[in-house]
Amino acid sequence: MPSPSSIAATIRRIPRGKVSTYGAVARAAGYPRGARLVARVLRGAFDLPWQRVLGAGGEIKLRGESAAEQRFRLQAEGVTFRGRRADLKKHEFHFTKAKRKTER
DNA sequence: AAGATGACGCCCG
DNA sequence: CCGGGCGCCATCT
């Protein structure tokens, strides 16, 4: 049964140098339409690799300084950008959805 | 209880 | 590529 903690756990699986999106994290965590919930969790739990979660298409959804810092942190991890967005082609992390019977 | 809000996503023109 | 509009969902006013 889904819960905010499962979302946080999913986010924690994103390895350094890789990124994902609100929608993808939501789906991997079992919330097909919970992109906004992912954002809520990111806002509340600071102990997460928050910089690795981007908007659809690899776009940074933060504003001002926060946005600059996120981009900076990602580039420091080796993530490259194509204009305003991170290059998902190269760095998007593919969750192993694995809807098996016993989960993972 | 009703409306507004926001680290979202997707379709249209 | 860009803005506008609508659907989603939990939380706040």
Rounded to whole Å, please give me the gap between CD in Glu59(A) and P in dC1(C).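 Whole-Å distance recorded here is 11 Å.
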### Task
Please state how far atom CD1 in Ile7(A) lies from atom C1' in dA10(C), giving the value in whole angstrom units.
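Nearest whole value for this atom pair: 11 Å.
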Taking any heavy-atom pair under 4.0 Å as a contact, classify [X]: base, sugar-phosphate, or nothing.
X	answer
Leu37(A)	sugar-phosphate
Gly34(A)	nothing
Arg36(A)	base

message: Distance check, rounded to the nearest 0.5 Å: Leu74(A) atom CG versus Phe81(A) atom CZ?
response: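 Between Leu74(A) CG and Phe81(A) CZ, I get 4.5 Å after rounding to 0.5 Å.
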So, taking the atom named CZ in Arg82(A) and the one named CG in Leu88(A), what distance separates them when rounded to the nearest 0.5 Å?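 Arg82(A) CZ to Leu88(A) CG: 8.0 Å, rounded to 0.5 Å.
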Derivation of the salt bridge (charged side-chain N to carboxylate O under 4.0 Å, His left out) call for Glu77(A) and Arg52(A)
CA-CA 10 Å; Glu77(A) 294 188 3; Arg52(A) 301 181 193 154; 3.1 Å; yes
Looking at Phe93(A), I'd like to know if the NZ or CZ of Arg13(A) sits under 6.0 Å from its six-membered ring centre while staying within 45 degrees of the ring's axis.
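No, Arg13(A) and Phe93(A) do not form such a contact.
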Next on the checklist: What range of DNA chain B does chain A touch, first nucleotide to last, counting atoms under 4.0 Å from its heavy atoms?
Outcome noted: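 So the outermost contacting nucleotides come out as dG6(B) to dC10(B).
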Query raised in the report: Do the side chain of Gln70(A) and the main chain of Val53(A) share a donor and acceptor less than 3.5 angstrom apart?
Result: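 Judged by distance alone, yes, a pair lies under 3.5 Å.
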Next on the checklist: Just checking Arg12(A): does its CZ atom have more than 12 heavy atoms from other residues, nucleotides or ligands closer to it than 6.0 angstrom?
Outcome noted: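 Atom CZ in Arg12(A) is packed in, count exceeds 12.
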